[in-house]
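Worksheet: one structure, shown below.
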Amino acid sequence: MPRTEEQFEKIRDKKKTLIMETALELFANHGYYPTSISMIAKEAGISKGLLYNYFDSKEALIQEIIETGIEKFTELFDTNRDGILSCEEFEHFVRETFRVLNDNISYYKLYFSTIMQPRVFDLIREKMHEIIPRYLKMLVVYYDKLGVEHPAQEALIFGAVMDGISMNYIMDPENFPVEKTIQSIIDKFGHCKKDIS
């Protein structure tokens with residue numbers, strides 16, 4: 001019996017995931033630039049030609065890996081998609097960020113080590129500039145409604161703190177005081193003593 005279109009799609013998704021996971025492992029262990037398409041194909045147990053059916057270059061592959069990670073976090077922000085951040089959504093975002101990091105330690109080790117490299121960042125710069133301002137604007141409105149004196153500055157500092165703490169956490173998750181840190185971030189940056197609804 002021939003396969004259905006849905007079965008073909010599942011096979012294709014599974015193969016694409018295999019390629020991305022294999023590339024991630026190699027990028028993490030050997031670095032992005034020394035890892036070749038040939039190495040990824042060999043490690044994944046597929047032909048180089050088949051890999052090119054999914055990704056037309058190594059740059060396209062790293063872009064998709066990193067963009068997938070960005071999307072995981074944006075899905076945690078403004079969960080009801082109304083364009084307005086609530087105190088509950090702020091707290092949810094902070095807590096869920098660390099759950100996602102914990103569930104994907106190897107991915108985020110790659111993410112943070114590669115995103116800081118200027119040539120790699122250039123590959124995702126456009127996507128970052130498309131996504132980040134939208135969420136930053138929501139944070140600024142959130143802080144403005146709470147009466148924070150410098151809402152734009154507070155939003156930028158919150159983002160930088162989340163980035164820095166996330167990097168420290170993934171380097172040594174077993175010894176990082178994650179629960180206390182989460183609560184401290186919520187207390188210091190949530191500003192949720194007032195109702196902003």
Side-chain angles (χ1 to χ4, degrees), residues 24 27-28 32 62-197:
L24 174 62
F27 292 153
Y32 171 72
I62 192 70
Q63 280 177 320
E64 181 134 359
I65 289 170
I66 293 175
E67 286 175 16
T68 299
I70 293 169
E71 284 163 12
K72 281 181 186 173
F73 288 113
T74 59
E75 286 167 8
L76 305 175
F77 207 82
D78 184 31
T79 50
N80 66 1
R81 302 291 177 257
D82 65 355
I84 300 165
L85 193 64
S86 69
C87 286
E88 293 75 20
E89 286 171 323
F90 181 92
E91 183 170 338
H92 173 81
F93 173 72
V94 174
R95 292 190 185 284
E96 285 297 291
T97 290
F98 287 95
R99 183 193 61 75
V100 169
L101 288 172
N102 188 60
D103 291 348
N104 302 277
I105 292 286
S106 63
Y107 170 83
Y108 286 105
K109 280 184 180 174
L110 168 71
Y111 174 82
F112 284 116
S113 67
T114 57
I115 205 168
M116 297 302 174
Q117 300 170 33
R119 289 191 299 171
V120 174
F121 185 76
D122 284 344
L123 299 172
I124 59 157
R125 184 185 305 275
E126 192 176 314
K127 185 73 171 177
M128 295 286 277
H129 287 182
E130 172 192 321
I131 293 171
I132 302 301
R134 186 166 68 242
Y135 294 94
L136 198 57
K137 184 178 177 184
M138 246 189 286
L139 263 174
V140 171
V141 170
Y142 169 79
Y143 284 134
D144 188 51
K145 284 185 177 178
L146 284 166
V148 173
E149 192 173 352
H150 302 288
Q153 182 178 314
E154 188 77 353
L156 288 170
I157 292 170
F158 168 70
V161 166
M162 287 294 286
D163 284 347
I165 291 173
S166 296
M167 281 189 273
N168 278 277
Y169 173 63
I170 62 164
M171 290 304 154
D172 191 15
E174 292 81 17
N175 296 307
F176 196 91
V178 69
E179 286 307 318
K180 287 182 180 176
T181 302
I182 287 169
Q183 195 54 55
S184 181
I185 293 168
I186 291 166
D187 292 344
K188 287 184 168 96
F189 292 97
H191 300 280
C192 282
K193 291 178 182 157
K194 308 180 206 177
D195 183 14
I196 62 165
S197 54

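Computed from a prediction, not measured in an experiment: that's the story for all the values here. Keep in mind that the numbers below use all heavy atoms, side chains included, and drop hydrogens, waters and symmetry copies.
Aromatic ring pairs are classed by plane angle as parallel below 30°, tilted from 30° to 60° and perpendicular above 60°; the pair Y142 and F90 is parallel.
Distance check, rounded to the nearest 0.5 Å: CE of M171 to CD1 of I105 gives 9.5 Å. The line from CD of E64 to CD of E71 is 8.0 Å long, rounded to the nearest 0.5 Å. Once rounded to the nearest 0.5 Å, the distance linking CG of L139 with CD1 of I157 reads 12.0 Å.
Summarising the geometry of I186 relative to E91, their closest heavy-atom pair is CD1-CG, 3.4 Å, with the distance given to 0.1 Å. Among all heavy-atom pairs drawn from V140 and P151, the shortest one is O-CB, 3.5 Å. The two atoms that bring Y108 and I170 nearest to each other are O-CD1, 3.1 Å, heavy atoms only. Considering all non-hydrogen atoms of both residues, V94 and M162 come closest at CA-CE, 4.2 Å. The heavy-atom pair separating T97 from F93 by the smallest distance is OG1-O, 2.7 Å.
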(request) Applying side chain to side chain contact (heavy atoms under 4.5 Å, CB included), run through L85 and Y135 and close with a yes or a no. (result) CA-CA 9 Å; L85 193 64; Y135 294 94; over 6 Å; no
(request) List the steps and the verdict of side chain to side chain contact (heavy atoms under 4.5 Å, CB included) for N104 and K72. (result) CA-CA 11 Å; N104 302 277; K72 281 181 186 173; 3.5 Å; yes
(request) I would like to know whether R99 and E96 meet side chain to side chain contact (heavy atoms under 4.5 Å, CB included); could you show each step before the answer? (result) CA-CA 5 Å; R99 183 193 61 75; E96 285 297 291; 2.6 Å; yes
Identify all side-chain donor-acceptor contacts of residues 76-83 below 3.5 Å with residues at least two apart in sequence or on another chain.
unit_1, atom_1, unit_2, atom_2, d
D78, OD1, D82, N, 3.4
D78, OD2, D82, N, 3.3
D78, OD2, G83, N, 2.8
T79, OG1, E89, OE2, 3.4
N80, OD1, D82, N, 3.2
N80, ND2, D82, OD2, 3.3
R81, NH1, F77, O, 2.7
R81, NH1, D78, O, 2.5
R81, NH2, E75, O, 3.1
D82, OD1, I84, N, 2.9

All N/O donor-acceptor pairs, side-chain side in residues 175-183, below 3.5 Å, sequence neighbours left out:
unit_1, atom_1, unit_2, atom_2, d
N175, ND2, D172, OD1, 3.1
N175, ND2, D172, OD2, 3.2
T181, OG1, P177, O, 2.7
Q183, OE1, R95, NH2, 2.8
Q183, NE2, D187, OD1, 3.0

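Contact check for F27 versus I65: side-chain heavy atoms found under the 4.5 Å cut-off. Counting heavy atoms from C-beta outward, I185 and F98 have side chains that approach closer than 4.5 Å. Within the 4.5 Å cutoff, the side chain of L156 has heavy atoms near those of the L136 side chain.
Scanning for salt bridge (charged side-chain N to carboxylate O under 4.0 Å, His left out) contacts around R134 gives an empty result, with sequence neighbours left out.
A distance-only check finds a donor-acceptor pair linking the side chain of Y143 to the backbone of F189 [under 3.5 Å].
In the displayed structure, E130 atom CD is contacted under 6.0 Å by more than 12 heavy atoms of other residues, nucleotides or ligands.
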